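Residue numbers start at 1 and run along the sequence shown. Keep in mind that what you see is a predicted model, and the values were worked out from it rather than measured.
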Amino acid sequence: PAWGAPPAAAAAPAAAEPAAGGFVYGEYDDVLWDNEAKKEVYAKWDPNSPRSTRNFNPFETFGGNSPDASGIYPGENRYKDPIRGDVSYA
């Protein structure tokens with residue numbers, strides 16, 4: 001019998017689409033990416049529109065990883081380690 005192709009592995013949610021003039025990072029790129037910033041991005045998120053650097057759920061995870069301030073996951077092209085607040089209580 002003929003065998004079909006193996007099932008595809010789960011892919012990461014689609015990363016941001018480049019704009020006509022090039023790639024556009026998210027609103028909080030290179031600024032503090034804390035819970036307040038995530039809540040602002042979440043409030044603007046439209047789940048019925050295509051995912052982009054300006055339209056994503058900042059609380060969504062993929063493989064246990066959270067997206068950066070542009071909705072890009074670690075290991076994807078253009079991922080930037082976000083600026084995080086100080087968690088030292090000393």
Side-chain angles (χ1 to χ4, degrees):
W3 295 92
E17 293 295 322
F23 186 81
V24 176
Y25 281 100
E27 179 179 355
Y28 285 90
D29 183 55
D30 291 332
V31 296
L32 185 63
W33 184 234
D34 61 359
N35 198 50
E36 290 304 313
K38 290 179 181 182
K39 286 194 271 186
E40 287 182 28
V41 169
Y42 183 80
K44 296 175 185 175
W45 174 50
D46 178 3
N48 296 315
S49 294
R51 193 174 194 278
S52 71
T53 59
R54 304 286 175 135
N55 187 54
F56 66 96
N57 178 350
F59 298 106
E60 177 181 38
T61 60
F62 178 72
N65 294 306
S66 295
D68 69 6
S70 298
I72 302 168
Y73 291 93
E76 293 184 317
N77 287 336
R78 295 192 172 101
Y79 174 79
K80 292 174 74 175
D81 195 31
I83 297 172
R84 296 181 176 95
D86 182 13
V87 293
S88 171
Y89 295 99

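- Within a 6.0 Å sphere centred on OH of Y42, other residues, nucleotides and ligands contribute 12 heavy atoms or fewer.
- Linking ILVMFWY side-chain heavy atoms closer than 4.5 Å, directly or via other members, places V31 and F56 in a single hydrophobic cluster.
- Residues passing the side chain to side chain donor-acceptor pair (under 3.5 Å) test with N57: none are found, sequence neighbours excluded.
- No donor-acceptor distance shorter than 3.5 angstrom exists from the side chain of R54 to the backbone of W45, with no hydrogens or angles considered.
- Across S70, P58, P67, a single residue satisfies side chain to side chain contact (heavy atoms under 4.5 Å, CB included) together with W33, and that is P58.
- Remark: F23 CZ to I72 CD1 distance equals 3.5 Å, nearest 0.5 Å.
- For the pair D68 (side chain) and Y79 (backbone), a donor-acceptor distance under 3.5 Å is absent.
- Using a 4.0 Å cut-off between charged side-chain N and carboxylate O, K80 and D30 make a salt bridge.
- Once rounded to the nearest 0.5 Å, the distance linking CG of L32 with CZ of R84 reads 10.5 Å.
- For the atom pair CD (E40) and CG (N35), the distance works out to 10.5 Å, reported to the nearest 0.5 Å.
- With hydrogens and angles disregarded, a donor-acceptor distance shorter than 3.5 Å links the side chain of N55 to the backbone of P50.
- Atom-to-atom distance recorded for E27:CD and K44:NZ is 3.5 Å, nearest 0.5 angstrom.
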